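As the structure is a computational prediction, the values presented were derived from the model and not from experiment. Only heavy atoms go into these numbers, but all of them, side chains included; no hydrogens, no water, no symmetry mates.
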Amino acid sequence: MKYLVLGLISAVLLSISWPTYGIPFFIFFALVPLLVAEHEITKFSNIKRKSLAVFGLAYLVFMIWNIVTTGWLYGSKNPDGTNSIPAVVLPVLANSLLYSLVFLAYHWYKKIQGTYWGLTFLVAAWMAFEKIHLSWEFTWPWLNLGNVFSEYPKLIQWYDTLGATGGSFWILLVNVFAFYTLRTWEAGRKRKELIRNSSVLVLGIVLPMLISLIKYNSFNEKPIGQVNVLLLQPELDPYNEKYQKDSLQILNELLELAKKNSPQDKNIKVDYYIGPETSVPGSGSISETGFEQSLLLNTIKNFLSTKPGSVFATGISSHKFFTDGNIPKNAYQTSQGSWVESYNSAVQIIPHQKVEVYHKGKLVPGVEIFPYMNTLKPILGDAMLNFGGTVASLGIDDTRKVFTNPFNKGKLAPIICYESVYGEFTTEYVKNGANFLAIMTNDSWWGVTQGHKQLLSYARLRAIETRREIARSANSGISAHINAKGDIEGDTLYGDRTALFAKINLYEGQTFYVRTGDLLTRISIFVLGFLIVYTLIKKIQNRKK
């Protein structure tokens, strides 16, 4: 019963730390009760299958955490309008399992090498796991620990140096040292040692925050220019309206929103009209080989002809046909026998110029991509989750494209929805010249839940890491203007059909994080490899002796 209580305390502390409702300071001690429970099960309990007990307790802790923080996935709907149980059950069970396996690996390593080497292993293994979650096709980095401070940008300005993964490292170190402080006190009851360790612990929490406050108050980066942006929020029901309304009607409503909300002052020109993810064409998609002949895209060009110097950037669904000799891996064969690849795309539209296109590079597992299709499809069959959109794996771009504005200094990073959760991934836009970030997203899949709030909140981390302002257009909220310090300068309400005007500052230069990416993660992976190899060598030597 004691171990269960300790586990539940960890689950509660993890859950109440999370944005956007939580108090993140609890995260610094959230793993301590679980570490205590593992230590007592291993050293002092009469449980026969101790590894199984540790795994079961860890699974309970992480499952509660996943349910509380990402249970909003239940808001996803099936084509028949019912809530999708697999959309929440599969991520919760799988993610809880993966976290539990990391903790179980720590338990095993600790039994071999002792508590303190074990704690080092835990930090390195957790960091490596977070990197895997950022990189593989089952990617789901929603609960990476560094995300927890997204609602408190004043306290994490140093993310421009180490990124959100640096935040994960910070949180893990504090948890581990808090457990170490508790253990040394229990072992020796030495007051001086307790005071010393407690002082180091407090300093480890407070010092990065003080550095951050100084950076926040002394931020004086000079912009190289400014662009006027109108963020369009059409509030189009993604389950019904989008696939039932005529595509031209959907586009005309979007353009009407742009007309009504353009500044009345003739001296104020809109440099960018930005629409949300897949805002056109409604049902189906637009052929990329026919962009210049597309009625929809030419309708946008006609609109822009009355707005000299303005460009239109928006999300679209697109596709491309391929010949038999040049078929990409995610292409599928139509009933007519031709091969086609579909995309979740962003386009920049300018009159008398070719349409520029970028294909989303980070896809949602089970919805936009069938992870490891060649291996799993023979086993699972057609197991893609169908929420009314595509049920085929989409194609991606391997490089982060930047849309350059011919009328001003604007260089737009067309970030599509889920991509905004990825720190090092986003830095590639900046390396390629982007001087502001445009997030095109559709947050209305989950209804009025924490889902759309958390996704907006995580975008604030990208602003700090890259020191770029963000213009965020959402289909059904929350559209927002985020400054380079992570503050929300202006936003809309969820469910409103509206637009948001923003003056976006353009910044050049690259932060340390943009240049180096997830540096602490790479160091942690090296340390993890060293610990494993060292242990194996030592074990082999002992056997020979």
Side-chain angles (χ1 to χ4, degrees), residues 19-20 24 141 144 146-167 211-213 215-227 229 231 272 274 313 362 400 402 410-441 443 452-474 478-492 500 502-518:
T20 59
N144 282 10
N147 295 339
V148 75
F149 278 94
S150 59
E151 287 293 288
Y152 292 78
K154 288 184 180 180
L155 302 181
I156 52 170
Q157 292 297 303
W158 54 269
Y159 276 24
D160 66 355
T161 304
L162 296 175
T165 51
I211 292 172
S212 180
L213 288 171
K215 288 175 70 72
Y216 181 88
N217 291 315
S218 61
F219 181 83
N220 62 353
E221 193 86 14
K222 302 299 180 186
I224 62 165
Q226 190 178 74
V227 290
V229 175
L231 301 168
Y272 285 94
I274 299 180
K362 284 290 184 183
R400 301 314 118 225
V402 175
K411 295 181 180 180
L412 178 153
I415 300 171
I416 304 174
C417 192
Y418 195 47
E419 292 184 327
S420 63
V421 184
Y422 297 82
E424 190 174 62
F425 179 90
T426 300
T427 66
E428 296 176 23
Y429 290 104
V430 178
K431 287 178 181 177
N432 290 336
N435 52 29
F436 81 102
L437 311 181
I439 297 176
M440 306 168 194
T441 186
D443 297 349
H452 71 275
K453 295 178 182 178
Q454 289 174 354
L455 189 55
L456 166 66
S457 189
Y458 293 166
R460 304 172 78 171
L461 304 177
R462 309 291 85 83
I464 297 170
E465 289 170 340
T466 62
R467 293 303 183 192
R468 294 293 189 270
E469 295 207 354
I470 294 176
R472 185 179 195 269
S473 172
I478 302 170
S479 299
H481 170 204
I482 304 172
N483 68 24
K485 296 191 290 184
D487 297 320
I488 296 179
E489 297 277 357
D491 59 4
T492 61
L500 177 68
K503 292 181 177 291
I504 304 292
N505 290 315
L506 308 176
Y507 292 102
E508 285 187 325
Q510 296 182 4
T511 64
F512 184 82
Y513 179 70
V514 168
R515 294 194 301 272
T516 62
D518 295 328

According to salt bridge (Lys or Arg N to Asp or Glu O under 4.0 Å), who are the partners of D443, at least two apart in sequence or on a separate chain? R472
Go through the side-chain N and O atoms of N505 and Q226 and say whether any donor and acceptor fall under 3.5 Å apart. yes
Is a side-chain N or O of R467 found less than 3.5 angstrom from the main chain of Q510, in a donor-acceptor match? no
Do we see a donor-acceptor contact under 3.5 Å between the side chains of E151 and S457? yes
Contacts of E428 that satisfy salt bridge (Lys or Arg N to Asp or Glu O under 4.0 Å) - sequence neighbours left out: R400
Any idea which heavy atoms bring T426 and Y422 closest together, and the distance? OG1-O, 2.6 Å
As an exercise, state the distance from CG of N483 to CD of E221, rounded to the nearest 0.5 Å. 12.5 Å
Is there a side-chain contact between L213 and L155, using heavy atoms and a 4.5 Å cut-off? yes
Any side-chain heavy-atom pair of I274 and M440 under 4.5 Å: yes
Tightest non-hydrogen contact, residues F219 and A484, listed as CZ-CB, 3.9 Å
Between R468 (side chain only) and Y507 (backbone N and O only), is there a donor and an acceptor less than 3.5 Å apart? yes
For T161 and F512, indicate whether the former's side chain and the latter's backbone hold a donor-acceptor pair under 3.5 Å. no
Any donor-acceptor N/O pair, N147 side chain to P141 backbone, under 3.5 Å: yes
Residue pair I415 / R462, side-chain heavy-atom distance below 4.5 Å: no
One should read off an interatomic distance between K222 NZ and L506 CG, to the nearest 0.5 angstrom, of 15.5 Å
Spell out, as yes or no, whether a donor-acceptor pair under 3.5 Å connects the side chain of T441 to the backbone of C417. no
Under 3.5 Å, side chain of T427 to main-chain N/O of G517, donor-acceptor pair present? no
Between atom CG of L231 and atom CG of L500, what is the distance when rounded to the nearest 0.5 Å? 5.0 Å
Whether the side chain of E469 engages the backbone of A463 through a donor-acceptor N/O pair (distance < 3.5 Å, no angle test) should be reported. no
Let me confirm one number: the OG1-CG distance from T466 to L437, rounded to the nearest 0.5 Å. 4.5 Å
Of all heavy-atom pairs linking R460 and S150, the shortest is CD-O, 3.6 Å
Between W158 and S212 the two heavy atoms that sit nearest each other are CD1-CB, 3.9 Å
Would you check if the side chain of S479 reaches a backbone N or O of S473 as a donor-acceptor pair within less than 3.5 Å? no
For I478 and H452, what are the C-alpha separation, side-chain angles and deciding distance, and is it a side-chain contact (heavy atoms from CB on, under 4.5 Å)? CA-CA 7 Å; I478 302 170; H452 71 275; 3.7 Å; yes
Heavy-atom check, side chain of Q157 versus side chain of I464, under 4.5 Å: yes
What do you reckon, is CD of E508 surrounded by more than 12 foreign heavy atoms closer than 6.0 Å? no
Count the heavy atoms belonging to other residues, nucleotides or ligands that lie under 6.0 Å from NZ of K411, then report whether that count exceeds 12. no
Donor on one side chain, acceptor on other, Y458 and N144, under 3.5 Å: no
Taking the cut-offs as 6.0 angstrom to the six-membered ring centre and 45 degrees off its axis, would you call K362 and Y418 a cation-pi pair? no
Using every non-hydrogen atom in the two residues, find where Y513 and E424 come nearest and quote the distance to one decimal. OH-N, 3.0 Å
Looking only at heavy atoms, which two atoms of P153 and K485 are closest? And how far apart? CB-O, 3.5 Å
Interatomic spacing from CG in L456 to OG in S420 - rounded to 0.5 Å: 9.0 Å
Please round to the nearest 0.5 Å and tell me the distance separating atom CG of N435 and atom OH of Y429. 15.0 Å
